Amino acid sequence: MAYNINKIRSYFPVLNQQVYNKPMVYLDSAASAQKPVQVLMKEEKLHNDYYGNIHRAAHFMADKATADFEAVRDKIQKFINAESREEIIFTKGTTESINLVAHSFGEKFLTEGDEIIVSEMEHHSNIVPWQIVAERKGAKVIKFPFNDLGVLQLNLLPKLINKKTKLIAVAHVSNVLGTINPVSEIIEIAHKNNVAVCIDGAQAVQHTTVDVQKLDADFYAFSAHKMYGPNGVGVLYGKKKWLEKMPPYQGGGEMISEVSFEKTTFNEIPYKFEAGTPNITSVIAFGAAVDLLIKAGISEIAAWENELLEYATQKLKLINGLKIYGEAPKKSSVISFNIEGIHSYDLGMLLDKLGIAVRTGHHCADTVMQHFGIQGTVRISFGIYTTKEEIDIFLEALNKVILMF
Ligand code: PLP
C-alpha cells in the first residue's frame with residue numbers, strides 16, 4: 001500500500017501555518033510530535049460526554065471512562081505484543097517508566113558491589129535513575145561504549161558482563177545519533193548471563209515495529225507525546241515475573257489492596273504501580289494516536305521515513321564544513337550535525353526565523369557530546385507527516401544561514 005502523505009497531513013492542521021510570515025516546517029518530532037485531530041477530538045469528547053474518575057466509582061460516566069481507559073491498555077498490549085495486559089503500566093512518560101524500574105528493581109535485586117551496564121549513547125533519563133539507585137545501593141554504573149560512527153561496540157559487551165552484573169540499560173534508538181541499536185542481540189547476550197535488560201524505546205515505537213516477546217525484553221519504556229499522543233503519559237512494559245516481585249514505586253490510591261495502621265497490602269499488577277488518579281484524559285486520547293499509527297502502518301511509516309532520512313543525509317553531506325554525528329548503517333529518523341565555525345544555537349535561532357523548527361544543544365545526552373568533544377549539535381527529526389518538500393525548504397534555509405556567516 002502506498003503511503004498517503006496527503007491524507008496523513010490532513011490530520012495535522014497545526015502544520016499548515018506560517019511563522020514569521022514563512023511556511024512553518026516542523027523538524028522537531030523527536031522532541032515531541034504534533035497531535036492529530038483524532039487525538040484532540042477524543043480529549044474533547046471525553047470531557048463533553050462522559051468524564052469521571054476511573055476504577056472505583058459507581059456511576060455511568062466513571063464506568064465508561066474506566067472501560068475506555070482499560071481498553072487503551074489492551075490496545076498497547078497488542079501494539080507491542082506483550083503477553084498480558086498486566087504487563088502494561090501507565091506512567092507520566094519514558095522518564096518515569098525508567099525511574100520506576102530503577103527504583104523498584106533496584107530496591108529488590110541490587111546489593112552492594114553489583115553492576116549496571118549503561119550505554120554511552122543514552123538520554124539522561126536512562127542514565128541518571130541508574131546512578132541514583134547505584135548510589136543508594138552501593139552499586140556501580142559501567143559504560144557500554146559506542147564508536148565514532150555511533151555504533152555500540154557489541155563485541156565488548158560479553159567482557160563488560162560479570163557475576164555482579166544485574167541489568168543492562170540501553171536505548172532502542174538514540175535520540176542524537178539516530179542509531180538503531182541491536183537490542184535483540186544485546187538481550188540474548190544478557191540473558192545467557194542471567195542479566196535483565198531495560199530498553200528505552202522513546203525514539204523507537206513510533207518508527208519501527210516493536211514486539212516485546214520476540215525481543216524478550218525485560219522492560220521497555222516509551223512516551224505518548226512522541227507518538228502523536230498527548231503529553232503526560234507513558235508506558236512501562238515489564239515482564240510479569242519481574243513486576244510481581246518488585247515493590248511499589250509510589251504509595252497512594254489504587255495501588256493498595258487493604259490499608260490499616262498495622263499493615264498495608266498491595267494491589268495486583270499493573271495497579272500496584274499506578275498510584276493516584278492517572279492522566280485519564282491523556283491515556284484515553286493516546287488510544288487514538290495508536291490507532292493512527294496502526295492505520296498508517298508502522299512498516300509503511302518506516303519506509304517513508306527512511307526515504308526522507310536517506311534524502312536529507314545525501315543532501316546535507318554536500319554542504320561544505322558540515323559534519324553529521326551518527327553514521328550507523330541502521331538509523332532512524334534523526335540527523336544531528338554541526339557546521340564548522342557556526343555555533344549550533346546560532347544556526348537554530350536563524351533557522352527558526354526562516355520558519356524551520358529544529359532542536360539545538362546537548363539533547364539531554366551529555367555523554368554523547370563528551371564522546372565527540374562538542375557542546376551541542378543541530379538536530380532535525382522526522383515524523384509521519386514530514387515531506388521531501390519540507391526537507392528542501394529546510395536545506396534552502398540552511399544554505400541561506402551559512403551565507404550569512
Ligand atoms: N529517552 C529518549 C531516547 C528520549 O529521546 C527522551 C526524550 O527526548 C526521553 C528518554 C525522555 O522522554 P520523556 O521526557 O517523555 O520522559
Side-chain angles (χ1 to χ4, degrees), residues 3 5 22-23 25-31 120-121 145-153 171 173-182 203-204 207-208 301-363 365 367-405:
Y3 189 70
I5 182 70
K22 305 270 184 320
V25 172
Y26 190 74
L27 297 178
D28 197 21
S29 294
E120 189 188 7
M121 66 171 78
F146 64 83
N147 67 19
D148 290 346
L149 291 174
V151 176
L152 279 174
Q153 298 184 43
V173 172
S174 156
N175 67 315
V176 180
L177 307 166
T179 311
I180 303 176
N181 284 318
Q203 299 292 347
H207 302 298
T208 178
I301 293 170
W304 175 256
E305 291 176 345
N306 273 338
E307 223 178 289
L308 298 176
L309 180 69
E310 192 60 28
Y311 181 72
T313 304
Q314 293 317 323
K315 296 269 181 175
L316 282 171
K317 278 185 169 169
L318 300 175
I319 296 176
N320 256 344
L322 186 145
K323 176 173 167 51
I324 292 178
Y325 297 90
E327 296 192 273
K330 284 193 182 165
K331 274 187 72 171
S332 186
S333 305
V334 161
I335 307 176
S336 285
F337 64 90
N338 275 328
I339 294 176
E340 215 180 330
I342 312 180
H343 197 285
S344 62
Y345 286 135
D346 294 336
L347 260 177
M349 205 177 62
L350 291 167
L351 283 169
D352 173 52
K353 296 291 176 283
L354 296 171
I356 321 288
V358 301
R359 188 90 165 168
T360 58
H362 56 57
H363 315 294
T367 57
V368 177
M369 301 302 127
Q370 285 151 17
H371 178 105
F372 291 107
I374 54 176
Q375 300 285 320
T377 71
V378 177
R379 181 186 74 184
I380 57 169
S381 54
F382 314 132
I384 52 175
Y385 36 61
T386 310
T387 64
K388 267 191 190 157
E389 291 72 33
E390 287 184 308
I391 291 172
D392 287 337
I393 297 172
F394 152 71
L395 289 163
E396 201 182 309
L398 184 62
N399 280 313
K400 257 191 206 157
V401 171
I402 294 169
L403 283 180
M404 289 179 199
F405 280 87

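Values in this document were obtained by computation on a predicted structure and should not be read as measured data.
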Practice item. Go through L316 and I380 one step at a time and tell me if the side chain to side chain contact (heavy atoms under 4.5 Å, CB included) criterion holds. Key: CA-CA 11 Å; L316 282 171; I380 57 169; 4.3 Å; yes
Exercise for review: Please confirm whether the backbone N or O of G361 pairs with a side-chain atom of R379, one donor and one acceptor, at under 3.5 Å?
Suggested key: no
Practice item. Would you confirm whether H363, through its side chain, and A365, through its main-chain N or O, come within 3.5 Å as a donor-acceptor pair? Key: no
Exercise for review: Evaluate whether atom NZ of K22 has more than 12 neighbouring non-hydrogen atoms of other residues, nucleotides or ligands under 6.0 angstrom away.
Suggested key: yes
Review point. Can you find a heavy atom in the side chain of V368 that is under 4.5 Å from one in the side chain of F146?
Key: yes
Check your understanding: Do K330 and V151 come close enough that some side-chain heavy atom pair is under 4.5 Å?
Key -> no
Review point. CD1 of I324 to CG of L149: how many Å apart, nearest 0.5 Å?
Key: 12.0 Å
Practice item. Mark yes or no for whether T360, through its side chain, and Y345, through its backbone, hold a donor-acceptor pair below 3.5 Å. Key: no
Exercise for review: Report yes if some heavy atom in the side chain of I356 is under 4.5 Å from a heavy atom in the side chain of Y26; otherwise report no.
Suggested key: no
Review point. Can you check side chain to side chain contact (heavy atoms under 4.5 Å, CB included) on R359 and V378, steps first, answer last?
Key: CA-CA 6 Å; R359 188 90 165 168; V378 177; over 6 Å; no
Point to revise | Pair H207-E305, side-chain donor/acceptor within less than 3.5 Å | key: yes
Practice item. Would you indicate whether the side-chain heavy atoms of Y385 and S29 approach each other to under 4.5 Å? Key: yes
Check your understanding: Tell me, do Y325 and I374 make a side-chain contact under 4.5 Å, heavy atoms counted?
Key -> yes
Exercise for review: Please say whether more than 12 non-hydrogen atoms of neighbouring residues, nucleotides or ligands are located less than 6.0 Å from CD in Q375.
Suggested key: no
**Study point:** F382 vs I391 side-chain heavy atoms within contact, under 4.5 Å
**Key:** yes
Check your understanding: Side chains of D148 and H371: donor-acceptor distance under 3.5 Å anywhere?
Key -> yes
Point to revise | Residue pair T179 / L152, side-chain heavy-atom distance below 4.5 Å | key: no
Review point. Is it true that a side-chain atom of W304 and a backbone atom of T386 form a donor plus acceptor pair closer than 3.5 Å?
Key: yes
Revision key, fill the gap. Scanning both residues in full, the closest heavy-atom pair of S381 with V334 reads CB-CG2, 4.1 Å
Check residues 308-315 and write down every donor-acceptor pair under 3.5 Å in which the side-chain atom is one partner and the other belongs to a residue at least two apart or another chain.
unit_1: E310; atom_1: OE2; unit_2: Q314; atom_2: NE2; d: 3.3
unit_1: Y311; atom_1: OH; unit_2: D392; atom_2: OD1; d: 2.6
unit_1: Y311; atom_1: OH; unit_2: D392; atom_2: OD2; d: 3.3
unit_1: T313; atom_1: OG1; unit_2: L309; atom_2: O; d: 2.5

**Study point:** Under 3.5 Å donor-acceptor, N338 side chain and G376 backbone
**Key:** yes
Practice item. I would like to know whether F337 and T377 meet side chain to side chain contact (heavy atoms under 4.5 Å, CB included); could you show each step before the answer? Key: CA-CA 5 Å; F337 64 90; T377 71; over 6 Å; no
Review point. Between S332 and I180, is there a donor-acceptor pair closer than 3.5 Å when you use the side chain of the first and the backbone of the second?
Key: no
Exercise for review: Would you confirm whether N181, through its side chain, and A171, through its main-chain N or O, come within 3.5 Å as a donor-acceptor pair?
Suggested key: yes
**Study point:** Taking every non-hydrogen atom, the tightest pair across V358 and G348
**Key:** CG2-CA, 3.9 Å
Check your understanding: Can you tell if the side chain of K317 reaches within under 4.5 Å of the side chain of K323, non-hydrogen atoms only?
Key -> no
**Study point:** Worked check of side chain to side chain contact (heavy atoms under 4.5 Å, CB included) between L322 and E340
**Key:** CA-CA 6 Å; L322 186 145; E340 215 180 330; over 6 Å; no
Exercise for review: Kindly give the heavy-atom pair with the smallest separation between E120 and T367, and that separation in Å.
Suggested key: O-OG1, 2.6 Å
Check your understanding: To the nearest 0.5 Å, how far apart are CG in L318 and CG in N399?
Key -> 9.5 Å
Practice item. Provide the closest heavy-atom pair for I339 versus L398 in the form atom of the first, atom of the second, distance. Key: CD1-CD1, 3.9 Å
